[in-house]
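Note that the structure is a prediction, hence the values are computed from the model and not measured.
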Amino acid sequence: MIKFISEPTNLLTAVSGLYLGLTLFYIGILIANYYNQEKFKIQFKNIFAIFCLLIIGYITTLFFDTFAVITVTTMIVIILIASIYVQILMKNH
């Protein structure tokens, strides 16, 4: 058994680590955007929307200290960001 999982953790550290990881993931995707074909490039308004969703999700999860709310909020943020990517693909396909 991994001992540190059962120990109490600081909510700010856990949520910050979660959203820092998500932010780095989407930054990596946006850096790779340079190599996409013109029809699949992500516009600035979509990049702005993605980072706004991440910030809103981060702030929302800081207000609630229950695991369920943090999980559902993060899931909603990820689904909304995925829908932005699907709209880009469907519009240009």
Side-chain angles (χ1 to χ4, degrees):
M1 180 175 159
I2 300 175
K3 184 171 176 129
F4 67 86
I5 290 179
S6 62
E7 295 177 2
T9 58
N10 185 359
L11 176 68
L12 180 63
T13 304
V15 171
S16 296
L18 172 67
Y19 277 90
L20 178 64
L22 287 172
T23 303
L24 289 174
F25 175 76
Y26 288 111
I27 287 173
I29 290 176
L30 295 174
I31 290 172
N33 187 44
Y34 174 79
Y35 300 102
N36 285 346
Q37 295 177 3
E38 282 298 319
K39 65 180 182 177
F40 295 119
K41 289 203 181 235
I42 302 171
Q43 298 175 355
F44 178 76
K45 67 178 183 177
N46 294 327
I47 294 170
F48 182 73
I50 289 168
F51 285 106
C52 283
L53 285 170
L54 286 170
I55 291 169
I56 290 168
Y58 177 69
I59 292 170
T60 303
T61 55
L62 286 179
F63 285 118
F64 303 101
D65 61 350
T66 62
F67 180 74
V69 173
I70 292 171
T71 305
V72 170
T73 302
T74 304
M75 180 190 66
I76 291 170
V77 167
I78 292 171
I79 289 172
L80 290 173
I81 292 172
S83 70
I84 291 172
Y85 282 109
V86 168
Q87 287 177 355
I88 292 169
L89 290 175
M90 297 304 287
K91 181 176 73 170
N92 296 319
H93 193 263

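Closest of all the heavy-atom pairs between S16 and Y58 is OG-OH, 2.8 Å. Minimum interatomic distance between N33 and K41 (heavy atoms only, all atoms of both residues): OD1-CA, 3.2 Å. Heavy-atom minimum distance, L11 versus F64: CD2-O, 4.0 Å.
Partners of Y26 according to the side-chain hydrogen bond (donor to acceptor under 3.5 Å, both in side chains) rule, which considers only residues two or more places apart in sequence or in another chain, do not exist here. For the side-chain hydrogen bond (donor to acceptor under 3.5 Å, both in side chains) test, no residue two or more places apart in sequence or in another chain qualifies with T71. With sequence neighbours excluded, the residues satisfying side chain to side chain contact (heavy atoms under 4.5 Å, CB included) with F25 are I29.
Residue I78 forms a side-chain contact (heavy atoms from CB on, under 4.5 Å) with just one option from T74, I81, I76, and that option is T74.
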Show the numbers, then the answer: is there a side-chain contact (heavy atoms from CB on, under 4.5 Å) between I84 and L53?
CA-CA 11 Å; I84 291 172; L53 285 170; 4.0 Å; yes
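To the nearest 0.5 Å, atom CD1 of residue I50 and atom CD1 of residue I27 are 11.0 Å apart. Between the CD1 atom of I42 and the CD1 atom of I47 there is a distance of 6.0 Å, given to the nearest 0.5 Å.
A heavy-atom distance below 4.5 Å is not found between the side chains of N46 and Y85. Residues L62 and L12 have side chains in contact (heavy-atom distance under 4.5 Å, counting atoms from C-beta outward). With contacts defined as side-chain heavy-atom distances shorter than 4.5 Å, the pair I56/V77 does not qualify.
In terms of hydrophobic clustering, with Ile, Leu, Val, Met, Phe, Trp and Tyr side chains grouped at heavy-atom distances under 4.5 Å, L20 and I59 are assigned to different clusters.
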